[in-house]
Amino acid sequence: SKMYRLTGSFLLFFLMAHFCFAADVNDLLFKGADYHYRGKLTEAESAFSQVLKIEPQNEFALNQLGLIYAKQGKFDLAHRQFAKVVQISSDNTFARIWLGVLFLKDNKVKQAFNEFQKTLAIDPNNANAYYFLGVIYAVEHNLKQSIKYLRKAQSVGSDDPETHFRLANAFAGLDMVYNARLEYERALELNPRFTKALNALGWLYYNSGETKKAIEVWKKALKINSDPEARHNLAKVYNDLALNFFRTGDKSQARKFWRETLKYEPKNKSAKYYLRKLG
């Protein structure tokens, strides 16, 4: 009976210790997640590091630590955390996606491609994997494949502005102007302040002969955040308009548009030269 009492006491101690450790881990995970959400990366890093001292194979803590390192620009450390997760659990798609992203950052396209393909083998409906494969194909100028994968990203739930923007660029590259316009417009429905989409849409209008619409769109982009690309686009188009009027002998309109050019690009050499020439 003495042995039974000792065994019972040991079991009780073991269970209490186990629950204490579990409570500590859960408390640290909660604190780390809260710090991370509030942008307190140093505090979040400390909390997740403490979790890993207790549970070195805690996948959530490893992934969060990898994400924090990536945000801090510590990309080698981030890669190490995500690689550990994949070693522990080969079907962890969060870690695989981030390994792919880090490979892309280092221009290791083949390794990135493999990670995204492996992700799809585990989760055929992973929108992120389809999206990044679409991006890779776009960079390699395989626009048909890019459209295929970006479309798939949309169909499995990636209805975000960047996906629509990339898809629009691919359509534009294939001279599918109508499709491109629809995708730029969808991106702007989701994010009206998406200046990259506004600038690209402006060029679609301009190249289709809708100069007034293009100028309106670029002025809208300029109002959002003094977008330098929109400023450059406006200066270029006003300069082109001025040259056209100058060549047809309409000096008054030419002068007017070169003055507009200088509003957006005060150092524009062409506008300065011709305004001097026109007196």
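Atoms considered below: every heavy atom in the structure, side chains included; atoms not considered: hydrogens, waters and symmetry mates.
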Nearest atoms (heavy-atom pairs only) where L29 meets A61: CD2-CB, 4.2 Å
Search all heavy atoms of T195 against all heavy atoms of N225 and return the closest pair with its distance. CG2-OD1, 3.7 Å
Polar side-chain atom of S208 near backbone of L204 as donor-acceptor pair, under 3.5 Å: yes
If I compare all heavy atoms of F82 with all of G66, which pair ends up nearest, and what's the gap? CZ-C, 3.4 Å
Is it true that D27 and K31 have a side-chain N and a carboxylate O under 4.0 angstrom from each other? yes
Taking all non-hydrogen atoms of both residues, which atom of G202 and which atom of A214 are closest, and how far apart? O-CB, 3.2 Å
May I have the step-by-step check of side-chain hydrogen bond (donor to acceptor under 3.5 Å, both in side chains) for Y274 and R255, ending in yes or no? CA-CA 8 Å; Y274 281 105; R255 188 180 287 109; over 6 Å; no
Should E43 and H36 count as side-chain neighbours, where that means a heavy-atom distance under 4.5 Å? no
Do any N or O atoms from the side chain of Y35 and from the backbone of E45 form a donor-acceptor pair under 3.5 angstrom? no
Lys/Arg N to Asp/Glu carboxylate O, E59 vs K84, below 4.0 Å: no
Using a 3.5 Å distance criterion without hydrogens, assess whether the side chain of D123 forms a donor-acceptor pair with backbone atoms of T119. no
May I ask you to say whether D34 pairs ionically with R38, meaning some side-chain N is under 4.0 Å from a carboxylate O? yes
Are any of the side-chain nitrogens in E216 or K220 under 4.0 Å away from the carboxylate oxygens of its partner? no
Pairs under 3.5 angstrom only: tabulate donor-acceptor contacts from the side chains of residues 261-270 to other protein residues two or more places apart or in another chain.
| unit_1 | atom_1 | unit_2 | atom_2 | d |
| --- | --- | --- | --- | --- |
| T261 | OG1 | N239 | N | 3.1 |
| T261 | OG1 | F257 | O | 2.9 |
| K263 | NZ | E260 | OE2 | 2.9 |
| E265 | OE1 | N268 | ND2 | 2.8 |
| E265 | OE2 | H232 | ND1 | 3.3 |
| N268 | OD1 | S270 | N | 3.1 |
| N268 | OD1 | A271 | N | 2.9 |
| S270 | OG | N239 | OD1 | 3.2 |

Side-chain contact test, heavy atoms from C-beta onward, threshold under 4.5 Å: evaluate it for Q81 versus K74 and give yes or no. no
Please examine the side chains of V177 and F171, heavy atoms only from C-beta on, and report whether any two atoms are closer than 4.5 Å. no
Short question: side chain of S46, backbone of T42 - any donor-acceptor pair under 3.5 Å? no
Hey, are the side chains of V109 and E140 touching, using non-hydrogen atoms and a 4.5 Å cut-off? yes
Rounded to the nearest 0.5 angstrom, the CE-CG distance for M176 and L167 is 9.0 Å
Within a strict 4.5 Å, meaning less than it, do heavy atoms of the K152 and S155 side chains meet? yes
Does the ring of F245 carry K251 above it, NZ/CZ under 6.0 angstrom from centre and within 45° of its axis? no
Is there a side-chain hydrogen bond (donor to acceptor under 3.5 Å, both in side chains) between Q145 and N142 once you walk through the steps? CA-CA 6 Å; Q145 281 292 88; N142 189 339; 5.7 Å; no
Considering only heavy atoms from C-beta outward, does the side chain of N125 approach that of L120 to under 4.5 Å? no
Could you check whether the rings of Y206 and W218 sit parallel, tilted or perpendicular, using 30° and 60° as the cut-offs? tilted
R181 and E210 ion-paired at < 4.0 Å: yes
Does some side-chain heavy atom of Y69 sit less than 4.5 Å from a side-chain heavy atom of Q72? yes
Exactly one of F103, F132, Y131 clears ring pair (Phe, Tyr, Trp, His ring centres under 6.0 Å) with F116, and that residue is F132
Hey, does the side chain of R96 reach the backbone of S90 with a donor-acceptor pair shorter than 3.5 angstrom? yes
Using 0.5 Å steps for rounding, measure from the OG atom of S49 to the CD1 atom of I68. 8.0 Å
Do the rings of F165 and F194 sit parallel, tilted or perpendicular, given the 30° and 60° boundaries? tilted
Taking the side chain as everything from C-beta on, heavy atoms only, tell me whether I215 gets closer than 4.5 Å to L234. yes
Between Q253 and D250, is any side-chain donor less than 3.5 angstrom from a side-chain acceptor? no
Steps toward salt bridge (charged side-chain N to carboxylate O under 4.0 Å, His left out) verdict (E162, K196): CA-CA 10 Å; E162 191 68 34; K196 284 195 297 182; 3.5 Å; yes
Compare every heavy atom of F48 with every heavy atom of G32, then report the nearest pair and how far apart it is. C-CZ, 3.4 Å
Nearest non-hydrogen partners of A95 and N63, listed with the distance: CB-OD1, 3.5 Å
Nearest-0.5 Å distance, OH of residue Y238 to OG1 of residue T211: 10.5 Å
More than 12 non-hydrogen atoms from neighbouring residues, nucleotides or ligands closer than 6.0 Å to CD on E189, yes or no? yes
